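One structure below.
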2 protein chains.
Amino acid sequence: MTKTLLERKIQVAGERITPQRKLIAAILQEQGGHLSADEIHRLARRQNPRLSLATVYRTLRWLKVSGLVRELRLNGERHHYEVKRDEGHQHIVCLGCGRVIEFNCGHCANVHGDLADQYGFRITGVRVKLVGYCANCQARKHNETQ
Amino acid sequence: MTKTLLERKIQVAGERITPQRKLIAAILQEQGGHLSADEIHRLARRQNPRLSLATVYRTLRWLKVSGLVRELRLNGERHHYEVKRDEGHQHIVCLGCGRVIEFNCGHCANVHGDLADQYGFRITGVRVKLVGYCANCQARKHNETQ
DNA sequence: TTATATGCAAACAATTTGCATCCTG
DNA sequence: CAGGATGCAAATTGTTTGCATATAA
C-alpha cells in the first residue's frame, strides 16, 4: 500500500498540513497526468472556491523543492507538474492536440554513463522529450489537406 | 562553402531583407551558441543601438517558423535560440554554472524507431536534455561543503 | 499562543501586439 | 509607391511577492 503524496511530504519535513495543501496534493496524485498550475487551480476550486492561484504555486514549489513533484516544460509557455515516481519515464508530446503520453526509455540509462566519463559531468537528470503527431492528428491533418 | 543563415532564408521565402534581420542572423550564426533574445539584443545593439527587442523577437519567430532556428528551453525562464544544423546533437546543462555543452546522442535514433510503431506516433523531433554538474562545479561544491 | 500559511492585489519578467512611421523591393 | 518591417509603448501571460489576516500545531 503506497503512501500518499502528503504522507511522504510530512515524513520529509514536519511542516504544516493545511486543507489547501491536502487538496492540491490529492489532485496531483489522483489526476496523475501533467497538470499546469492553472489546471490544478481550476480543479481545486471546485472543492474550495476561495483557494488562490498563489497558494497553488507556493504549494507546488514546496512539493518541488522536497523532490516529490517534478516540474516540466512540455510545450507552450506554462509549466506542468507531475508526481515523481519511477525515474526513467519520458514524454511524447503531440504537436497537434497537445496530448502527452509517457514511455520508458531503455536507452536513457546508457546515455548517462557514456557522458559521465566523456565530459566529467555528474549527471543528475535526463529529460527526453519527443514531439510529433499522434495517430489521430496524422489522420486529421491528412483530411484537412485534401 | 556553406550558405549563410540569411541566404538560406531568402531561398526559402522571398521575404524582405533588412539590416536588422541581417544583423540578427549574423549574430546567431557567428556566436553559434545558445543565445537568449536578450543576449542577441545586447550584442546587436553594439552595431545598431536603435534596434528594438521586439524586432529581435519578431525575427527569431520568423527564422523559427521557417525552420532555420531552434527554440530551446534549457534552464530558467527564458528561451534560447540556436541555428539548426545537424539533427541529433543534444544538450547537457550544468546546474551550477549554467554552462551548456553539446553532445551527439547515438541512442536517439533508436528511440525514434521504437516508438513510432509502438504508439502510432510520427516523431518529428527528439530533445534530450541532461542536467548535472560539470567538473568545475563538482570541485567547487566540494570545497564549499568543507 | 505563535509562527506559518493564506488570500488578495500589486509587482515582475519574458514575450507579444497596436499603431504611426519608415524603407525594401 | 505600396505593403511589409521597425520602434516604441502599452498589453498579455505566467509566476512571484508584500502584507494584513487567519489558522494549524
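Reminder, nothing fancy here: chain letters follow the sequence lines and each chain counts from 1. Please read these numbers as outputs of a predicted model, since none were measured by experiment.
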Name the closest nucleotide to the [X] side chain, picking from [options].
| X | options | result |
| --- | --- | --- |
| Thr18(B) | dG7(C), dC8(D), dT6(D) | dT6(D) |
| Gln20(A) | dA3(C), dT17(C), dT6(C) | dT6(C) |
| Glu77(B) | dA14(C), dT4(C), dG7(C) | dA14(C) |
| Arg61(B) | dA25(D), dG4(D), dT16(C) | dT16(C) |
| Thr55(A) | dA5(D), dG7(C), dG7(D) | dG7(C) |

Rounded to whole Å, how long is the line connecting atom [atom1] of [X] with atom [atom2] of [N]?
| X | N | atom1 | atom2 | answer |
| --- | --- | --- | --- | --- |
| Arg73(A) | dT15(C) | CZ | C1' | 12 Å |
| Arg58(A) | dG7(C) | CZ | C1' | 8 Å |
| His79(B) | dA13(C) | NE2 | P | 18 Å |
| Ile24(B) | dA5(D) | CD1 | C1' | 11 Å |
| Arg42(B) | dA14(C) | CZ | P | 10 Å |
| Trp62(A) | dT4(C) | CH2 | P | 14 Å |
| Leu53(B) | dT15(C) | CG | C1' | 8 Å |
| Tyr57(B) | dT13(D) | OH | P | 16 Å |

Minimum side-chain heavy-atom gap His91(B)-Phe103(B) below 4.5 Å: no

Bend angle of the helix from dT1(C)-dA25(D) to dG25(C)-dC1(D), end axes from five pairs each (to 10°): 40°

Leu72(B) and Arg127(B): CA distance, side-chain angles, deciding distance, side chain to side chain contact (heavy atoms under 4.5 Å, CB included) verdict: CA-CA 9 Å; Leu72(B) 306 162; Arg127(B) 302 280 82 211; 3.2 Å; yes

Given DNA chain C, 5'-ward residue of the pair Arg78(B) and Ala54(B), judged by closest heavy atom: Arg78(B)

Worked check of side-chain hydrogen bond (donor to acceptor under 3.5 Å, both in side chains) between Arg73(B) and His79(B): CA-CA 5 Å; Arg73(B) 183 83 67 164; His79(B) 287 123; 2.8 Å; yes

Check: Arg50(A) side chain, dG7(C) base, donor-acceptor under 3.5 Å: no

Any N/O donor-acceptor pair, Arg16(A) side-chain to dA3(C) base, under 3.5 Å: yes

Leu63(A) versus Leu28(A), closest heavy-atom pair with distance: CD1-CD1, 3.8 Å

Salt bridge (Lys or Arg N to Asp or Glu O under 4.0 Å) partner of Glu71(A), the single match among Lys84(A), Arg61(A), Lys64(A): Lys64(A)

Side-chain (Glu39(B)) to main-chain (Ser36(B)) donor-acceptor, under 3.5 angstrom: yes

